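To find a chain, count down the sequence lines: A is the first, B the second, and so on, and within it residues start at 1. Everything numeric in this text was worked out from a predicted model, so none of it was measured.
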Number of protein chains: 2
Amino acid sequence: MPVPKSLLGRAFTLLGVFSEQRPSATLSELSRLSGLPLSTTHRLVRELLQWRALDRDARGRYSIGLRLWELGALSPGSLDLRERALPFLEDLVEVTRHNAQLAIRDGLDAVFVERLSARDAVSVVSRAGSRLPLHATGVGLVLLAHAPAQVQELALASPLRRFTSRTICAPARLREALAQVRRDGYAISDRQIEMITYSVAAPVRDAGGEVVAAVSVVLPTGARTDAAVSAVRTCGRAISRALGAP
Amino acid sequence: MPVPKSLLGRAFTLLGVFSEQRPSATLSELSRLSGLPLSTTHRLVRELLQWRALDRDARGRYSIGLRLWELGALSPGSLDLRERALPFLEDLVEVTRHNAQLAIRDGLDAVFVERLSARDAVSVVSRAGSRLPLHATGVGLVLLAHAPAQVQELALASPLRRFTSRTICAPARLREALAQVRRDGYAISDRQIEMITYSVAAPVRDAGGEVVAAVSVVLPTGARTDAAVSAVRTCGRAISRALGAP
DNA sequence: GCCCATCTCCCGGTCAGTGGAAACGACTCT
DNA sequence: AGAGTCGTTTCCACTGACCGGGAGATGGGC
């Protein structure tokens with residue numbers, strides 16, 4: 001992958017070195033992983049430090065700085081959706097005793113904008129900021145089912161990544177699942193990401209009635225889902241109302 | 001304020017136009033508010049769109065893009081502190097029935113990295129991403145009391161902003177309050193930001209024993225604080241342990 | 001249809017950014 | 001104490017990415 005010529009491109013390539021698996025890096029690692037020459041990397045890092053987009057710890061490791069977090073907190077997904085949804089997610093956790101998640105669609109991914117945990121609940125792999133493919137998650141099935149037809153066709157035409165032996169990988173199976181989600185008004189994701197979890201997801205709509213997010217709880221495999229379905233759908237409607245949905 | 005000469009400086013100045021009060025803006029607004037010429041603004045905005053750092057809606061208004069939120073979610077304050085603290089904050093809300101907050105210090109500000117709300121609790125002005133001066137908040141008093149002496153002296157030497165008639169504005173009063181926080185191991189903030197709220201805050205320590213955050217609940221003015229003090233201190237210790245504190 | 005505001009695009013000029021090389025600092029080993 | 005290694009920092013001649021005024025395009029309101 002060639003290094004971008006533009007300065008902004010280089011800065012974002014540098015920032016892109018950080019991930020959940022690598023939340024910090026040395027200067028040399030940043031240079032090596034971004035493909036930028038060492039002195040170029042040094043200059044960019046110095047300026048990103050000045051703008052608080054990066055921080056440096058006592059041992060010379062760099063990590064994402066507070067300023068990027070603050071800027072990110074101004075995104076509509078955070079400032080509007082997530083802040084309004086939080087009280088309802090807390091209700092959902094309290095009522096169902098399971099972990100709750102809120103996700104939006106970005107391309108063919110579900111991006112988790114919040115995850116609240118319940119005491120003693122089955123653990124989940126996502127955290128705020130995680131991405132998972134749409135087809136393999138409850139929230140993703142809801143988001144895809146209500147996405148523009150073009151997005152659905154693109155998803156059906158793309159390789160569908162397998163996570164467990166039960167992950168939906170056949171386009172025909174996915175198409176059928178999406179139709180069922182639209183009929184039912186919710187999705188149940190059965191052992192798609194891990195063999196130990198179900199998830200139950202429902203849509204969240206905005207003032208225009210568009211599905212802009214999905215909310216879910218994650219249950220242990222084999223748990224009864226009917227009460228969870230009711231709770232999640234109710235939560236989805238409450239969040240929708242908070243967003244101004246009719 | 002002159003426009004920075006560096007491209008990164010200009011980009012951050014542009015992004016700095018966005019705030020909680022102004023989460024979106026048109027191209028012309030971005031140019032006017034940042035001080036950048038229109039065509040310069042247009043070029044920068046176009047590239048920030050490409051990198052998903054900005055988004056544009058159907059009516060031509062720009063807002064912070066998902067990529068900045070994702071990058072920000074990788075900051076230590078979010079990925080390490082906030083993700084680990086969330087379950088304990090949820091516990092605190094459930095037990096005390098009050099809104100809970102988690103904040104870190106940045107200069108002379110308390111930056112709220114999380115705020116969970118309780119049903120029917122007194123509302124609070126902060127949200128994730130908000131800043132308030134240290135001296136005027138419970139979390140801020142805790143963070144300042146345990147900050148390096150140089151930071152404390154700087155705060156004492158700086159103008160102390162008044163929010164209510166009870167806000168601490170005299171350096172001597174603040175010094176005394178900080179000493180008491182260190183003695184007690186917690187802070188009670190009495191009608192400092194609004195006349196209708198107290199807050200009770202306790203420290204959160206890292207593996208090295210340093211105070212890296214503070215947790216609080218917000219009570220209506222006049223409410224008994226003793227039970228809240230116990231709950232908040234217990235929560236602070238639990239989060240500390242999750243961060244590897246001894 | 002006209003006016004106005006906003007947005008988009010062009011392109012000659014220039015200075016902010018480039019990156020290899022040298023110097024510096026910290027650490028380890030003998 | 002000295003040598004070697006590794007990572008970081010600094011320098012500076014060169015250059016092309018960026019600059020931004022101005023012309024044109026677009027869309028909304030009257």
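Residues passing the side chain to side chain donor-acceptor pair (under 3.5 Å) test with Ser6(A) are Glu47(B), sequence neighbours excluded. When the salt bridge (Lys or Arg N to Asp or Glu O under 4.0 Å) test is applied to Glu29(B), the partners found at least two apart in sequence or on another chain are Arg61(B). Every residue was checked against the salt bridge (Lys or Arg N to Asp or Glu O under 4.0 Å) condition with Arg233(B), not counting sequence neighbours, and none meets it. Partners of Leu154(B) by side chain to side chain contact (heavy atoms under 4.5 Å, CB included), not counting sequence neighbours, listed by chain and number: Leu108(B), Ser158(B). With sequence neighbours excluded, no residue satisfies side chain to side chain donor-acceptor pair (under 3.5 Å) with Asp206(B).
Mapping heavy-atom proximity under 4.0 Å, the span of DNA chain C touched by chain A runs 5' to 3' from dG17(C) to dG20(C).
A distance-only check finds a donor-acceptor pair linking the side chain of Asp57(A) to the backbone of Arg59(A) [under 3.5 Å]. Judged by distance alone, the side chain of Gln101(B) and the main-chain N or O of Phe112(B) form no donor-acceptor pair under 3.5 Å.
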Output one letter per nucleotide in nucleotides 5-20 of chain D: B when a protein non-hydrogen atom lies under 4.0 Å from the base, S when only the sugar-phosphate is that close, - when neither is.
--SBBB------SSBB
What string of B, S and - do you get for nucleotides 24-30 of chain D, 5' to 3', when a contact is any protein heavy atom under 4.0 Å?
-------
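Among pairs with a residue in residues 64-78 of chain B, those fulfilling side chain to side chain donor-acceptor pair (under 3.5 Å) read Arg131(A)-Glu70(B), at least two apart in sequence or across chains. Residue pairs meeting the side chain to side chain donor-acceptor pair (under 3.5 Å) criterion with at least one member in residues 139-152 of chain A, sequence neighbours excluded, are Gln152(A)-Arg182(A).
For the atom pair His135(B) NE2 and Asp109(B) CG, the distance stands at 10.5 Å (nearest 0.5 Å).
Helix bend of the helix from dG1(C)-dC30(D) to dT30(C)-dA1(D): the angle between its two end axes, each built from five pairs, comes to 50° after rounding to 10°.
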Let me have the donor-acceptor pairs involving side chains of residues 12-19 of chain B, under 3.5 Å, with sequence neighbours excluded, atom names and distances please.
residue  : atom : partner  : partner atom : Å
Thr13(B) : OG1  : Gly9(B)  : O            : 2.8
Ser19(B) : OG   : Gln21(B) : N            : 3.3
Ser19(B) : OG   : Arg22(B) : N            : 3.0

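Classification of Glu114(B) and Arg84(B) as a salt-bridged pair fails, no side-chain N sitting under 4.0 Å from a carboxylate O.
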